[in-house]
Amino acid sequence: MKLVTFTHKNSEPKLGIFNNDTVLDLEAFSHKHNEEFPKTMLELIDLGLEEVDRIAEIVKTSSENAIASASLPLSEIKLLAPITKPRKNIIGIGLNYTEHVAESARTLDTSKDLPQQPVIFSKPPTAVIGTDEAILHNTKLTQQLDWEVELAVIISKKGKYIAKENAMDYVFGYTVINDISARDCRRAGQWIVSKGQDTFAPMGPILVTKDEIEDPHNLNLSLTVNGIEKQNSNTKYMLFRIPDLINDLSTVFTLEAGDIIATGTPAGVGAGRNPQEWMGDGDVVEATVEGIGTLVNTIKKID
């Protein structure tokens, strides 16, 4: 199922099902069927994929008129981040593609050796924005605003010490994250100031449940700035695959429903270019992951 969080005519955030050029408003749809559906993405994740299957079956057996009467054209709604307010920090994975390790070693003083364990950092919930929202560039903090397209994994249920062979059972679905980074804001090797500023975690435009993605380790991912391609790779080049990450993270701390793992970016970031490239006021950055969609954001300078 392709899921969205949206607003309509200044409504509170609502949960919907994405279908081409329309969104099925689940709240309106529930009234027509005298059914109780979750009202937010996190409520749905808490109920699990069984609830997704239940909703899908009701939609499948409904008349075209019933679906149409509860649907809205994309032109009339505003898409938000699928999870507008994560309960916890987004879990970021650094240096998870071989060529990105090499380019980071050249320009960011990171090790040229491939990591032997996942490199973990985090981004606070206040960093989250949706598609078509502005990435705020505080020029007093950074002159080196960079991009990173990433596949994000949404955790489905609570788990600790999760075995690799069982790890995919803990996946609810996937979305796109642009791991915006201020390269000149790293502090003594720590990354959260670089990566955790407000609006530095654009997410969306939709969340797809895991059954929609046949193989998350074979998805093209790409990024453009002002229409010019900067990144183009495939998730098959991850150093640590999703089961590896879930296994490793769950040995450190308990994973819970709704947790978000940004799985790392391939080569092609601005810091790795010669000469280096940075984003500035008015630049449009588009991050795409196959099977999910394209996340579009514009840089807005603030003082």
Side-chain angles (χ1 to χ4, degrees), residues 3-7 10-15 39-46 78-94 119-155 172-207 249 252-265 278-281 283 285 287 295-303:
L3 300 162
V4 296
T5 298
F6 70 98
T7 57
N10 298 314
S11 70
E12 289 297 311
K14 299 162 72 73
L15 180 63
K39 292 182 170 55
T40 70
M41 193 73 73
L42 284 174
E43 288 179 16
L44 177 57
I45 294 169
D46 285 341
K78 175 178 174 55
L79 291 177
L80 307 177
I83 300 175
T84 57
K85 294 182 180 178
R87 294 170 177 143
K88 293 154 61 176
N89 282 17
I90 294 169
I91 305 162
I93 306 299
V119 177
I120 304 168
F121 63 93
S122 73
K123 300 169 83 83
T126 46
V128 172
I129 58 173
T131 193
D132 296 322
E133 291 188 61
I135 298 167
L136 301 180
H137 179 195
N138 186 335
T139 55
K140 293 179 180 177
L141 286 177
T142 178
Q143 297 297 317
Q144 299 181 355
L145 194 65
D146 208 347
W147 57 81
E148 293 190 9
V149 60
E150 308 199 5
L151 172 69
V153 176
I154 314 301
I155 296 298
F172 181 84
Y174 308 95
T175 190
V176 184
I177 278 184
N178 191 347
D179 177 16
I180 301 299
S181 305
R183 301 299 186 188
D184 47 359
C185 288
R186 293 175 297 145
R187 296 182 180 178
Q190 298 298 313
W191 295 0
I192 195 165
V193 178
S194 168
K195 293 174 173 287
Q197 295 177 35
D198 291 354
T199 73
F200 275 24
M203 184 194 309
I206 69 175
L207 187 159
L249 292 167
V252 180
F253 45 75
T254 301
L255 292 175
E256 297 178 297
D259 282 354
I260 303 163
I261 304 170
T263 58
T265 198
W278 313 114
M279 295 185 293
D281 191 44
D283 285 343
V285 57
L295 175 64
V296 183
N297 299 95
T298 301
I299 309 302
K300 180 180 179 180
K301 176 183 174 181
I302 60 172
D303 295 322

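Predicted model only: the values in this text are computed from it and were never measured. Only heavy atoms go into these numbers, but all of them, side chains included; no hydrogens, no water, no symmetry mates.
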Does any part of the side chain of [Y], heavy atoms only, come nearer than 4.5 Å to the side chain of [X], both counted from C-beta?
{"X": "Ile192", "Y": "Ser122", "value": "yes"}
{"X": "Val128", "Y": "Ile83", "value": "no"}
{"X": "Ile91", "Y": "Leu255", "value": "yes"}
{"X": "Val153", "Y": "Tyr174", "value": "yes"}
{"X": "Glu133", "Y": "Pro202", "value": "no"}
{"X": "Gln197", "Y": "Cys185", "value": "yes"}
{"X": "Arg186", "Y": "Ser194", "value": "yes"}

- Give the intermediate values and the outcome of side chain to side chain contact (heavy atoms under 4.5 Å, CB included) for residues Ile261 and Ile93. CA-CA 8 Å; Ile261 304 170; Ile93 306 299; 4.0 Å; yes
Shortest non-hydrogen contact between [X] and [Y], atoms and distance:
{"X": "Ala81", "Y": "Thr84", "answer": "O-CG2, 3.3 Å"}
{"X": "Pro124", "Y": "Gly196", "answer": "CG-O, 3.3 Å"}
{"X": "Gly130", "Y": "Leu295", "answer": "C-CD1, 4.2 Å"}
{"X": "Trp278", "Y": "Asp283", "answer": "O-OD2, 4.3 Å"}
{"X": "Asn138", "Y": "Asp303", "answer": "OD1-C, 4.4 Å"}
{"X": "Ala201", "Y": "Lys123", "answer": "CB-CE, 3.7 Å"}

Main chain of [Y], side chain of [X]: is a donor-acceptor contact present, judged purely on distance under 3.5 Å?
{"X": "Thr199", "Y": "Leu136", "value": "yes"}
{"X": "Thr265", "Y": "Val149", "value": "yes"}
{"X": "Thr5", "Y": "Leu15", "value": "no"}

- Message: Taking NZ in Lys88 as the centre, count heavy atoms belonging to other residues, nucleotides or ligands within less than 6.0 Å. Is the count above 12?
- Response: yes
- Should the heavy atoms of other residues, nucleotides or ligands under 6.0 Å from CD of Glu43 be counted, would the total exceed 12? yes
Enter the distance from [X]:[atom1] to [Y]:[atom2] here, rounded to the nearest 0.5 Å.
{"X": "Ile180", "Y": "Ile129", "atom1": "CD1", "atom2": "CD1", "answer": "7.5 Å"}
{"X": "Asn10", "Y": "Lys78", "atom1": "CG", "atom2": "NZ", "answer": "11.0 Å"}
{"X": "Leu42", "Y": "Ile154", "atom1": "CG", "atom2": "CD1", "answer": "9.5 Å"}
{"X": "Ile299", "Y": "Met279", "atom1": "CD1", "atom2": "CE", "answer": "4.0 Å"}
{"X": "Thr298", "Y": "Ile135", "atom1": "OG1", "atom2": "CD1", "answer": "8.0 Å"}
{"X": "Ile260", "Y": "Ile45", "atom1": "CD1", "atom2": "CD1", "answer": "7.5 Å"}

- Would you sort out whether Asp179 and Phe121 count as a side chain to side chain contact (heavy atoms under 4.5 Å, CB included), showing the intermediate values? CA-CA 11 Å; Asp179 177 16; Phe121 63 93; 3.3 Å; yes
- Could you give me the CA-CA distance, side-chain angles and deciding distance for Phe200 and Leu145, then say whether side chain to side chain contact (heavy atoms under 4.5 Å, CB included) is met? CA-CA 10 Å; Phe200 275 24; Leu145 194 65; 3.5 Å; yes
- Task: Could you tell me whether the side chains of Asp184 and Thr142 share a donor-acceptor contact shorter than 3.5 Å?
- Result: yes
- Message: Using side chain to side chain contact (heavy atoms under 4.5 Å, CB included), reason through Leu249 and Ile120 one step at a time and then give a plain yes or no.
- Response: CA-CA 9 Å; Leu249 292 167; Ile120 304 168; 3.4 Å; yes
- Is any side-chain N of the basic residue among Lys195 and Glu148 closer than 4.0 Å to the acidic one's carboxylate O? yes
